[in-house]
2 protein chains.
Amino acid sequence: MKKITILDIAKELNITFSTVARALNDHPAISTTTKQAVRETADRLGYRANKVASSLRSGKTKIIGVLVPRLDVTFFSSVVHGIEGVMNENGYTILLYQSQESIKQENRGIDTFLRSRVDGIIASISLETEGDGGYGEIKDRNIPLAFFDRVPQGLDVPSVTIDDYRGGFMATEHLIQSGYRRIVHINQYRNINIFNERLRGYLDALKQYGLPIDERLIIKGDFSPEFGRQCVRNLLANGIDFDAIFTLEDFTAMGVVQELKAAGKDIPTEVGVVGFANEAFTSLVSPTVSTVDQCTVQMGEEIARLFLRLLERGDYYKHKPEKIVLAPSLLIRESSSR
Amino acid sequence: MKKITILDIAKELNITFSTVARALNDHPAISTTTKQAVRETADRLGYRANKVASSLRSGKTKIIGVLVPRLDVTFFSSVVHGIEGVMNENGYTILLYQSQESIKQENRGIDTFLRSRVDGIIASISLETEGDGGYGEIKDRNIPLAFFDRVPQGLDVPSVTIDDYRGGFMATEHLIQSGYRRIVHINQYRNINIFNERLRGYLDALKQYGLPIDERLIIKGDFSPEFGRQCVRNLLANGIDFDAIFTLEDFTAMGVVQELKAAGKDIPTEVGVVGFANEAFTSLVSPTVSTVDQCTVQMGEEIARLFLRLLERGDYYKHKPEKIVLAPSLLIRESSSR
DNA sequence: GTGAAAGCGCTAACAG
DNA sequence: CTGTTAGCGCTTTCAC
C-alpha cells in the first residue's frame, strides 16, 4: 500500500495540493463540490492525514503528556482513565509515562514530553521529588502544566486535589463521635504533602474534641498490608492502650483488620478501623471497611477539563492558577460502626 | 524562552547545522572536540531536540499505540504498566487510547494511531469487536500489530495470552479433587474467546473426571459482585443442589462469597469457591479466595518484548506470527481448601 | 474559489 | 572530518 499524501489526491483531481489541504480542513473558501470530490477520493485512495507533518508545521501536536508514578496502582490508573476519557472527547491523545516513583525517571519523562512537543503536561509527582523537581522548566518554556493529587511545592500552577486535611479530620472525628478515644494513626515516613495533611487533620480533630495527643499512637512507616499487620502486632506486644486505628490508606487498613481478627479483637466493638482511598476491596471484605473516598475518576475528569479550559483561553500562565480542591467523602461501613 | 534549534547552536559555534545534527546523534565521523562543544552549547542554550521534525524526516516516531478497553480495570492497567515499563527502557513512548468497550471508539483509536504514524500498535479488543474489527487495515499497511489477552478472530498476528482453557480446567479439577461434585460455573453471555475457553476447561474437567454436565449449573450473565450475589440467591431459591462455584473472574466470586456467608453456608466446608484473575482483594478477604493468576504485568512485559524483537528484525509480517501462551497458575486459598 | 510558494526542524545522501 | 543540498507532508500567507 503506497503512502498517499494530499499531492496524490491533488493529481487525481487535477487541482493543487493546497486546495486539497483546505478542503480536508473544511476551509470556508472552498466550494462544496470540491470538498465533496476531495473527500471522496481521499477515502477511495485510503488517505490518512499525517499528524506528524501537520504538527511540525502548525506547532500543535494535540497530544497531552501524562506523567504518573505507576499505573499498577488503582488510584493512578483510575485518574488516567478519567483524563483520557475527557481528553479523547476533545480531540487530544495521551502520551503516557511512568516515573516509577523515581526522580530520575520522572525527569526523563519530562524530557521526553518536551522533545515530543506535547501541547501540555498533566502530572502527579513521585515520592522522591523535592521542590519543583524538574517541572520548573516546563513552566519556564510556557508549556501548560497541571498537577493532580501529588503537587510539588513551590510551583504555582493549576491543580486538582482532594482536601486531605478534611479527609483526615472527618475520619478521626467520626471515630471520636463513635466513642473511640485512643485512636492510633498510621502514616508514613516521607515528607509528602498529602500525607502530612491527613496527619494534620487527625491531630486537629483530636485537639478540637479535647483528646490528648499521644506520640505512641502515631506510627510512621511504609504502607502495605504487611506494615499494617506489623503495627498491630507491635501495639499489642508493647501493651499500648488503643481502641481505634485510622490508616493513611486502605491496604494498610486491610492488614490492620486481618491482624486484629487474628488477635481475637472484635471489629468494631473493641477496635474501630478507618482507611483511606476507597479501594474496591473495602466494600467487599468482612467487616466492610470504612474509608475516605478520593473521587478518582472525577479527579481525572476535573483536571482534564480545567486544563482544556485554560488551553482554549490561550494565555495559560497569565492568570492566577486555578486550584480545585475536591471534597472527600467519608464512607462509614462496618469496621467503625458501633 | 526562544525556541532553540540546531541552527542556533551552529551559529553560536560557527559550524553548519548538519555538523551539529551529527554531533548530537553521536555520529562516528565527528571529532570528539566538536561533539563536546556542541553538547555544551546545546545544554547552555537549553536545546531540546524536536522529535516531531525528526519523525517526519526519518519516518519513525518511536511511539507505540496502546489500545485497551478501559484503564479502570486492574487487569488492563497492570498490563499497560508492564508494556510501558519495557517500552520505556527501549526508548519507546506509549500513546494511549481507551475503546471503552465500544467498537466505534476502537476504530477511532486505530484511526488516531494511523494518523499519528505510530511505529506499532498493541491492543486488546473491545467486547463489541467482531471478526478482525478495524485491525485488518493496520496489517494491510504493514504496521506492526500485536494483541494481548483479547485477540480478534481471523487475523494472524503475534499475541500473548494466557491459556484460559487450562485455567478453567485447573480450577475445576482442583475443586473436583477437593471432593466437590456439583460445581456451578458462572460465565458471561457474550461470545468472547477467552471466556469461552474457561468454560471449555470447566466442561472438559468434568468430563475427564466422569462428572455429569448439568446445564442448570452453568450460568451466563455479566460479571460483577452483584451478579455473583444474585446467582447464589437464585440457586438457593430454586433449590438447586450445588457444593462449589467457579466464577469467570474475581469480582463475581466476591459477590458469591458474600451471599453464601449471608445465607449461612460455610466456605469451604459446605461450598467451595474459586475465582479468576488474582485481584488484589482475593488474598485480603476472609476467607481468602482461591483464584487463577493471569500474570498481568508479565503479560505486558512479554508482549512488549515480543514486539521489540520483531520490530528490530524488520520484516514484521514476513514470518509466521509468534503466539505466546502463558501458563496460568492456580492459587489455592481458604475458599476451596477442605 | 483556487494556485504558488515558503518553511516548520530535522535526516541523510553526496561532495569535498 | 565537515559542508551542501534536498526533501519529509503539511499549514498558511499572499496572490489573482
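On a predicted model such as this, the values are computed, not experimentally measured, just so you know. Reminder, nothing fancy here: chain letters follow the sequence lines and each chain counts from 1.
For A:R150, the side-chain hydrogen bond (donor to acceptor under 3.5 Å, both in side chains) criterion is met by A:E101, not counting sequence neighbours. Contacts of A:E12 classified as salt bridge (charged side-chain N to carboxylate O under 4.0 Å, His left out), with partners at least two apart in sequence or in another chain: A:R44.
For the residue pair B:Q100/B:Q105, the side-chain donor-acceptor check at 3.5 Å is not satisfied. When only modelled atom types and interatomic distance are considered, B:T34 and B:S31 share a side-chain donor-acceptor pair under 3.5 Å. A side-chain donor from one of A:D119 and A:T61 sits under 3.5 Å from a side-chain acceptor of the other. Side-chain polar atoms of B:E106 and B:Y97 form no donor-acceptor pair below 3.5 angstrom. B:S102 and B:S99 form no side-chain donor-acceptor contact under 3.5 Å, judged by distance and modelled atom types alone.
Between A:E128 and A:K104, none of the side-chain N atoms (NZ, or NE/NH1/NH2) sits under 4.0 Å from a carboxylate O, so this pair counts as no salt bridge. Note on A:D111 versus B:R48: salt bridge recorded, some NZ/NE/NH1/NH2 to OD/OE distance being below 4.0 Å.
Counting non-hydrogen atoms under 4.0 angstrom, B:S31 reaches the backbone sugars and phosphates but no base.
The side chain to side chain contact (heavy atoms under 4.5 Å, CB included) with B:L145 is formed by just one residue from the set B:L310, B:L155, B:I122; it is B:L155.
First and last contacting nucleotides of DNA chain C toward chain A (any atom under 4.0 angstrom from a heavy atom, 5' to 3' order): C:dG1 to C:dG9. In the 5' to 3' direction, nucleotides of DNA chain D lying under 4.0 Å from heavy atoms of chain A begin and end at D:dG9 to D:dT13.
Near-neighbour residues of DNA chain C inside residues 47-65 of chain A, defined by a heavy atom below 4.0 Å, number-ordered: A:L56, A:R57. Using a 4.0 Å cut-off on heavy atoms, none of the residues of residues 9-16 of chain B approach DNA chain C.
Note on ring orientation: taking the six-membered ring where Trp is involved, the planes of A:F148 and A:F75 are tilted (angle from 30° to 60°).
Counting non-hydrogen atoms of other residues, nucleotides and ligands closer than 6.0 Å to CD of B:Q36 gives a total of 12 or fewer.
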